[in-house]
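One structure is given here, and the rest of the page talks about it.
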Amino acid sequence: MFAASILLAETSGAFAQVSGSATEYQFDIPSQPLASSLKVYSITTGLELYYESSLVDRHRSPALRGSFSRDAALRRLLESTGLSIASFEPGTVTILSPAQPANGHDLAALKSKAAEFTPYFAVIQAGLRAAFCRVSAIQVDAAELIIRLWIAPTGAVARAEILSKTGSEERDRAYAAAIRTLAIGQAPPPAMPQPVTLMILPRTSPTAAECAQPRGSSPVRASTYE
């Protein structure tokens, strides 16, 4: 299944301890943009992170290599950012800005905001699938791809950035060319925060990428946007 994962997130006051933090996980995260590190952290630990993209965009995380608990690893990634965390329910963490008080309504508000735009996220996902399926070189990819999109009121993609690299200049160029052909064909909801950041999950075969199927919407598993 072609799936786009969009993580929501925020941050505030002092650190709360991450639930289930006693178990240690193996990390091998280089120093890189904080947003990219948080994606890897989420996948490694199985925690859902909720935050506003604008909080992490200007930050770079230190390298994180070795065995750490969930709590210790997240503390290290957020070191020197002024950001902190709160856990309002098992399996989730909300990242908060220093001036933002932590309360149980934050997570519910973020989830509600994501749900409001889920139908449009599915439209974006369908457009990406169609764009990638037109280029045989990128129909299959064992790695995740993180893309940020700015969508004009007409529904056209005004600007796009690939936040993760494939390790191959040829594939990077193929992705960039495919994204330039992206046709969403529907105006974004006026209240939808932008840009929209999507993590495209690995596609192990053309069938898994749904390239043989007619264009349509697939479930959007999660969401990250500003």
Once rounded to the nearest 0.5 Å, what's the spacing between atom [atom1] of [X] and atom [atom2] of [Y]?
X	Y	atom1	atom2	result
Arg159	Ile151	CZ	CD1	13.5 Å
Leu128	Ile184	CG	CD1	7.5 Å
Asp141	Tyr175	CG	OH	3.5 Å
Ile162	Ile179	CD1	CD1	4.0 Å
Ile29	Ser36	CD1	OG	10.0 Å
Arg76	Asp71	CZ	CG	11.5 Å

In plain terms, say whether Asp57 and Arg148 are close enough for a salt bridge, that is, a side-chain N and a carboxylate O under 4.0 Å apart.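 Looking at Asp57 and Arg148, the cut-off is met.
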Can you tell whether the side chains of Arg173 and Glu169 come within less than 4.0 Å, N to carboxylate O?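 So Arg173 pairs with Glu169 through a salt bridge.
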Considering all heavy atoms of both residues, which atom of [X] and which atom of [Y] are nearest to each other, and what is their separation?
X	Y	result
Ala137	Arg171	O-NH1, 2.6 Å
Gln139	Cys133	NE2-O, 2.7 Å
Pro30	Ser61	O-OG, 4.4 Å
Ala187	Pro153	CB-O, 3.0 Å
Leu55	His59	O-CD2, 3.1 Å
Pro188	Ala152	CD-O, 3.2 Å

So, do [X] and [Y] sit near enough that their side-chain heavy atoms are less than 4.5 Å apart?
X	Y	value
Asp28	Leu64	no
Phe27	Thr45	yes
Trp150	Glu161	yes
Gln186	Tyr120	yes

Would you say [X]'s side chain and [Y]'s backbone share a donor-acceptor pair under 3.5 angstrom?
X	Y	value
Arg60	Leu34	no
Ser69	Thr23	no
Ser42	Lys39	no

Between Tyr41 and Tyr25, is the gap from one ring center to the other below 6.0 Å?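 When the ring centroids of Tyr41 and Tyr25 are compared, they turn out to be at least 6.0 Å apart.
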Determine whether Leu47 and Leu74 satisfy the following criterion, side-chain contact (heavy atoms from CB on, under 4.5 Å), listing intermediate values before the conclusion. CA-CA 11 Å; Leu47 283 175; Leu74 194 51; 5.7 Å; no
